[in-house]
Amino acid sequence: MSAKPEDFFKNIISHCKEYGFIFQSSEIYDGLSAVYDYGQNGAELKKNIREYWWRAMVQMHENIVGIDSAIFMHPTIWKASGHVDAFNDPLIDNKDSKKRYRADVLIEEHIAKIEDKINKEVDKAKKRFENFDEAMFRNTNARVVEYQTKINDIHSRFKTALNDNNLVQVKQIIVDCEIVCPISGTKNWTDVRQFNLMFSTSMGSVAEEGNTIYLRPETAQGIFVNYLNVQKTGRMKIPFGIAQTGKAFRNEIVARQFIFRMREFEQMEMQYFVKPGTEMNWYEYWKAARLKWHQTFGLGNENYKFHDHIKLAHYANAATDIEFNFPFGFKELEGIHSRTDFDLKQHEQFSGKKLQYFDSEENKSYVPYVVETSVGLDRLFLATLSASYKEETLDGGDTRVVLNLPPALAPIKAAVFPLVKKDGLPELAEKIINDLKFDHIVTYDEKDTVGKRYRRQDAIGTPYCITIDHQSLEDQTVTIRERDTMQQHRIAISSLLKFLNEKVSLTSLLKKL
RNA sequence: GCGAAAGUAGCUCAAUUGGUAGAGCUCCAGCCUUCCAAGCUGGAGGUUGCGGGUUCGAGACCCGUCUUUCGCUCCA
């Protein structure tokens, strides 16, 4: 590794741009923050990873089927899921301590402090007077009444401000109450801002109250609301799974680290519906199955670890992350959650529809429990690419940049070169390409010396280069050069297709599962 | 969001204290070449991220803004 660790990630990002994997969105207009486009090679690699996931989930499991639900969904779905309420907090920053607070929490804590003062007064009075009438005291004691008036005043102002969505007024309350930051002790506040995680738009030509539509912040809800449709029409028996890949959108306050945290990203989720009480067995099953799937990429088993959640979300009774050793450290790649029956129960309540499964063995109906596996496709892309990226120094001092991508995932499976651009070699190359292109993405290059052409293919991770020389015209053989070892051997043109099918198909990966 | 650094050709970088924007690679058209980049000739490509300001004159100095990276913060 010739690059220093701090430069390594930068080099990967540059490489992604230079070789058509990832471009900044809207680059000619100065870019759009935390949004990226996939280029010609990136789109292929991403598609291949998605395809591998889909086949490993849907094709390899008789009891898992896939769906493709819409990004737009009924707004009540996000009320049921908890996303509307959980992500509507007014936030404020203290400029001195750089700490961020929820404005409503600051105000409520301030009110609580005043209440404490009242309680102290009451306690003092209790000790002083016999036959103490607390209610009377609270209504008559001048100091207590003053405190209580203050509380009522703040309460009513705060309620009005929230109802009117008046963030300026919320800040004014904080200023008027002289609330200070517990860390810096100063009153140097920013304006109050509303950070809503969900992007919204409106349906219909007129933007009116009540027709707000959200861009989904997770694909899972599209599975939950279709769970009964799929179960009935597919005659699915528990346990069964529903898989889905698709875009999701989160208006992240801080989105960074290249494509690791983007505002628009793609998820690959599978919700597994199980009998209540068996969920922990399936949770353990999917933990092991998903880790094994990741390991088949061959990026190094030491680069993966589980990170169990200690503090669980309200809907989960167990949760873990599979973390990957990214260039910037171990970070979440996939989440595996035991989501209980929370989501389906919520949707039963909000929709008024029964979402139960009739278990013929038990002879009773119940709401299934759910075990979720959810992996970020863009993160998986970044993991694959960054672990494959190698800056090598060869014998003789030459250097090369190579992507040791799993061959089945490489954007281009083989490049075909005429050794020289004459004597009928280009024509033979074209013929070979025309034979192979029905099954594999192959490319042609005749420019520059053959060594240079090999390096270009190394840089985008093409596993095989096929070179046509003068001998090829005589005996119908070519040399095939392997990316990682740079070794080559002769092979009959007629056996090229079989060779590639064996080496670069997804089957080879699926058989490792 | 705060702090720090950066932004010049597709890429990597130059450009004396402010004085005519350059090089290498890439790319394109040729020539030469029988297996691991950097042989020859010619060519294309830049309102120096964007917008103001100071100045006779700004890539450089000042202000604003956008984007990226790092640290903090956040991450159902």
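Each chain gets a letter, A, B and so on, in the order its sequence line appears, and its residues count up from 1. Everything quoted here is computed from the prediction, not taken from an experiment.
With both pairing distances under 3.5 Å, B/G18 is matched to nothing as a Watson-Crick or G-U wobble pair. Under the Watson-Crick or G-U wobble criterion, with both distances below 3.5 Å, B/C27 is paired with B/G43. In a base pair of the Watson-Crick type (N1 to N3 plus N6-O4 or O6-N4) or a G-U wobble (N1-O2 and O6-N3), with each distance short of 3.5 Å, B/C75 is matched with no nucleotide. Across the strands present, B/G51 finds its partner in B/C63; the criterion is a Watson-Crick or G-U wobble pair with both atom distances under 3.5 angstrom. In this structure, B/U68 and B/A5 make a Watson-Crick or G-U wobble pair, each of the two defining distances being under 3.5 angstrom.
A/D448 places its CG atom 12 Å from the P atom of B/A37, with the value rounded to the nearest Å. Put simply, CZ on A/F417 is 10 Å from C1' on B/C36, counting in whole angstrom units. Between A/R379 atom CZ and B/C75 atom P the separation is 14 Å, expressed in whole Å. Distance CG (A/D423) to P (B/C35): 14 Å, rounded to an integer number of Å. Rounded to an integer number of Å, the gap from A/E218 CD to B/C75 P is 17 Å. Distance, A/L32 CG to B/C66 C1': 11 Å, rounded to whole Å. A/N251 places its CG atom 18 Å from the P atom of B/C74, with the value rounded to the nearest Å. Atoms CZ (A/F326) and C1' (B/C70) sit 18 Å apart, rounded to a whole Å.
Within 4.0 Å of A/S81, counting heavy atoms only, lies no atom of the nucleic acid at all. Looking at heavy-atom distances under 4.0 Å, A/R250 makes contact with a base. Within the 4.0 angstrom heavy-atom criterion, only backbone atoms of the sugar-phosphate kind lie near A/K447; the bases stay farther away. Among the heavy atoms of the strands lying under 4.0 Å from A/R481 is at least one base atom, whether or not backbone atoms are also near.
Cation-pi geometry between A/R290 and A/W293 is satisfied (NZ or CZ under 6.0 Å from the ring centre, within 45° of the ring normal).
Contact annotation: A/K452 side-chain N/O to B/U26 OP1/OP2 distance is under 4.0 Å. At the phosphate of B/U26, neither OP1 nor OP2 sits under 4.0 Å from any side-chain N or O atom of A/R455. Under 4.0 angstrom from either OP1 or OP2 of B/U33 there lies no side-chain N or O belonging to A/K421.
Spacing between B/C61 and B/U48 at atom P, rounded to whole Å, works out to 16 Å. A gap of 32 Å separates the C1' atoms of B/G71 and B/G10, to the nearest Å. Distance noted for atom P between B/U55 and B/C50: 23 Å (whole Å). B/U12 and B/U26 have their C1' atoms separated by 11 Å, given to the nearest Å. The C1' atoms of B/U54 and B/C62 are separated by 7 Å, rounded to the nearest whole Å. Spacing of P atoms, B/G24 relative to B/G30, comes out at 23 Å, to the nearest Å. Here, B/C40 and B/C32 have their P atoms 16 Å apart, quoted to the whole Å. Of the P atoms belonging to B/G3 and B/U73, the separation is 16 Å, rounded to the nearest Å.
Taking both residues in full, the closest heavy atoms of A/Q457 and A/F417 are given as CG-CZ, 3.7 Å, listed atom of the first, atom of the second, then distance.
Both A/K17 and A/R490 lie close to RNA chain B; mapped to their nearest nucleotides by heavy-atom distance, the more 5′-ward contact belongs to A/K17. Checking A/S14 against A/F328, the closest nucleotide of RNA chain B that is more toward the 5' end is the one next to A/S14.
Here the nucleotide nearest the side chain of A/R261, chosen from B/C75, B/A38, B/A76, is B/C75. In the set B/U33, B/U68, B/C35, the nucleotide with an atom closest to the side chain of A/S33 is B/U68. The nucleotide whose nearest atom lies closest to any side-chain atom of A/M486 is, among B/C36, B/A76, B/U33, B/C36. Nearest to the side chain of A/D469, among B/U34, B/A76, B/C35, sits B/C35. Nearest to the side chain of A/Q488, among B/C28, B/C35, B/U34, sits B/C35. In this structure, the nucleotide among B/C70, B/U67, B/C35 sitting nearest to the side chain of A/F9 is B/C70. The side chain of A/T479 sits closest to B/C35 out of B/U68, B/C35, B/A76.
Within 6.0 Å of the NZ atom in A/K47, the count of heavy atoms belonging to other residues, nucleotides or ligands exceeds 12. With a 6.0 Å radius and a threshold of 12 heavy atoms from other residues, nucleotides or ligands, A/E427 has its CD atom above the threshold.
One finds no salt bridge joining A/D321 and A/K331 here, because no Lys/Arg side-chain nitrogen approaches an Asp/Glu carboxylate oxygen to under 4.0 Å. By the 4.0 Å N-to-carboxylate-O rule, A/K390 lies too far from A/D458 to be salt-bridged with it.
A side-chain donor from one of A/S338 and A/N317 sits under 3.5 Å from a side-chain acceptor of the other.
Across A/T219, A/D378, A/V375, a single residue satisfies side chain to side chain contact (heavy atoms under 4.5 Å, CB included) together with A/E266, and that is A/D378.
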